[in-house]
Amino acid sequence: MSDDLAGAPVTVPGRTVVTGAAGFIGSHVAEALLGYGSQVLGIDSCLRDPDGVGRNLAPLERHDGFRLLRADLLDVTAEEFEGVDTVFHLAAQPGVRTSWGSRFGQYCDSNILATHRVMEAAAAAGVRRVVVSSSSSVYGRTDVAAFDESLAPSPMSPYGVTKLAGEQLALVHAMRPDATVSVIALRYFTVYGPRQRDDMAIGRMIRAALTGEPMTVFGDGRQQRDFTFVGDVVRANLLAMGADARTAVVNVGTGEIVTVLDLLDLVGEVTGRPVPVTFAPAEAGDVPFTRADVKEAERVIGYRSAVSLREGLQRQLEWMSATGGVPGAAQVRPSR
Ligand code: NAD
């Protein structure tokens, strides 16, 4: 990922913590910090995606500076954060559709209660900054041209509600009169790229194109999304670490949108094969539109996306081909 960090003039502290380090985005953030020479403690329960855990941790475990604590954040204490400058809090229970119903308790535990524990431990240990992963799902609105951070949040799924609660919880910890810890919350807009979770759309599209097995598109495909390459999200995390603010909430997206139907065509072009699809009704919690207004991100943390959707898709396809997770992928050469 180091090439994505060009232009990020950051000073990386000696000791950092990455929660969710075995996950999709957390593993990239940890890898970037290790590349800058930081000693990284990754904290992850490693339960959510057993297949992904080994794959995501392997590049981290090659670094002497990396240590993994397999633990639930509900049990985290100040001891884990002693001497740490910045905590990157990426652990969460993701996924909109599965947040309805009986699994909601896991969402509350991992997205709200765990964030409270992280903030308590960070404050007690004297951590300078916590960079919190939030989500565009806190907005929910559709009657604006782009979401800016001043919009009143109106999430449309239990997942969005828990992400909003977690973000706001972290901020109130930092706003206590006696607080020394500062918080920057980053609202990511649909993230994709190497190591993307198997349940997410772009990986499913590429897999469908390569295997010929149809994928299900929920809704009519006209829904619009702002897709953000994972390298841009890593850069936003590093910039947030050094930003001159006590508390802030900023969008991390591209400001560009594409419909799912146009994305299917683009994935078809990049893979050189059409994406076979079947359509199913939209599911509860699916929003018709997301688009980041990125002016605040540029002002507060100096962030701007750098990777186009086509380039990012090519990189995800290359990774899927190299890791051999998809039958036939090794034979596909991404079209440029
Ligand atoms: P992921 O599931 O790949 O990674 C999350 C990791 O957190 C997993 O490895 C999981 O084991 C760990 N975890 C969960 N609960 C835990 C707990 N209680 N204790 C310890 N570890 C725990 O998810 P991701 O896609 O990498 O998302 C990372 C962050 O970004 C999350 O906060 C997510 O809400 C946010 N986000 C992601 C996207 C996206 O498009 N992927 C978009 C918006 C926001």
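For reference, positions follow the sequence shown, starting with 1. When a ligand or atom number is given, it counts from 1 through the structure's own listing order.
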With distance as the sole criterion, is a donor-acceptor pair present between the side chains of Arg129 and Ser182 under 3.5 Å? yes
Atom 3 (O) of ligand 1: closest protein heavy atom, distance to 0.1 Å, is Phe24 N, 2.9 Å
Run the numbers on Leu263 and Asp265 for side-chain contact (heavy atoms from CB on, under 4.5 Å), then give the verdict. CA-CA 5 Å; Leu263 176 62; Asp265 287 345; over 6 Å; no
Indicate yes or no: does Glu31 engage Arg195 in a salt bridge with an N to O separation below 4.0 Å. yes
Identify, for atom 37 (C) of ligand 1, the protein heavy atom at the shortest distance, and state residue, atom and that distance. Ile25 CD1, 3.8 Å
Nearest to atom 8 (C) of ligand 1 by heavy atom, Leu186, Thr190, Asp44: which? Asp44
Is there a chain of hydrophobic side chains (I, L, V, M, F, W, Y, each step under 4.5 Å between heavy atoms) that links Ile25 to Val17? no
Among Ser110, Gly253, Ser133, closest by heavy atom to atom 16 (C) of ligand 1 is Ser110
Is it the case that the side chains of Thr86 and Thr16 hold a donor-acceptor pair, with the cut-off being a distance below 3.5 Å and no angle test? no
What protein heavy atom is closest to atom 36 (N) of ligand 1, reported as residue, atom name and distance in Å? Tyr188 CD1, 3.6 Å
Please determine whether the number of non-hydrogen atoms from other residues, nucleotides or ligands lying under 6.0 Å from atom CZ of Arg246 exceeds 12. yes
Among protein heavy atoms, which lies nearest atom 24 (P) of ligand 1, and at what distance? Arg197 NH1, 3.9 Å
One residue to check: Tyr159. Relative to ligand 1, which of side chain, backbone, both or neither has a non-hydrogen atom less than 4.0 Å away? side chain
Compute the shortest N/O to N/O distance between Gln93 and ligand 1 and return yes if it is under 3.5 Å, no if not. no
Considering only non-hydrogen protein atoms, determine which one is nearest to atom 38 (C) of ligand 1 and report residue, atom name and distance to 0.1 Å. Val191 CG2, 4.0 Å
Could you tell me whether Asp226 and Arg291 have a side-chain N and a carboxylate O separated by less than 4.0 Å? no
Does Asp109 have a non-hydrogen atom less than 4.0 Å from ligand 1? no
If you measure from the Lys or Arg side-chain nitrogens to the Asp or Glu carboxylate oxygens, is any gap between Arg15 and Glu82 under 4.0 Å? no
What atoms of ligand 1 come closer than 4.0 angstrom to any heavy atom of Met200? 39 (C), 40 (O), 41 (N)
Does the N or O separation between Gly26 and ligand 1 drop below 3.5 Å for any pair? no
If you measure from atom 14 (C) of ligand 1 to every heavy atom of Ala22, Ala92, Ser134, which option wins on shortest distance? Ala92
Ligand 1 versus Pro94, non-hydrogen atoms closer than 4.0 Å: side chain, backbone, both, neither? side chain
Heavy atom of the protein closest to atom 7 (O) of ligand 1 (residue, atom name, distance): Ala91 CA, 3.3 Å
Within the structure, does Ser135 bring an N/O atom to less than 3.5 angstrom of an N/O atom in ligand 1? no
Give the contacting part of Arg187 toward ligand 1: side chain, backbone, both or neither, where contact means a heavy-atom distance below 4.0 Å. neither
Nearest protein heavy atom with distance in Å, relative to atom 31 (C) of ligand 1: Leu90 O, 3.1 Å
Using side-chain hydrogen bond (donor to acceptor under 3.5 Å, both in side chains) as the criterion, list what pairs up with Asp49, not counting sequence neighbours. none
Within a distance under 4.0 Å of any heavy atom of Ala71, pick out the atoms of ligand 1 and give their elements. 19 (N), 20 (C)
Quick check on contacts: which atoms of ligand 1 are under 4.0 angstrom from a heavy atom of Gly20? 6 (C), 7 (O)
Within reach of ligand 1, part of Cys46 (heavy-atom separation under 4.0 Å): backbone
Show me the pairs that pass ring pair (Phe, Tyr, Trp, His ring centres under 6.0 Å) and involve residues 82-140, at least two apart or across chains. His116-His173, Tyr139-Phe147
Has Arg103 got more than 12 heavy atoms of other residues, nucleotides or ligands less than 6.0 Å from its CZ? yes
Looking at Arg315 and Glu311, does any basic side-chain N land under 4.0 Å from a carboxylate oxygen? yes
Relative to ligand 1, is Ser137 under 4.0 angstrom through side chain, backbone, both or neither, heavy atoms considered? neither
Is it true that, when you exclude Arg97 itself, more than 12 heavy atoms of the residues, nucleotides or ligands shown sit nearer than 6.0 Å to its CZ? yes
Side chain to side chain contact (heavy atoms under 4.5 Å, CB included) partner of Val183, chosen from Val132, Val249, Leu169: Val132
For atom 22 (C) of ligand 1, what is the closest protein heavy atom, and at what distance to 0.1 Å? Ser45 OG, 3.4 Å
Does a donor on one side chain sit under 3.5 Å from an acceptor on the other, for Tyr192 and Thr228? no
Heavy-atom contacts under 4.0 Å between Ala21 and ligand 1: side chain, backbone, both, or neither? neither
Just heavy atoms, cut-off under 4.0 Å: does His89 contact ligand 1 by side chain, backbone, both, or neither? neither
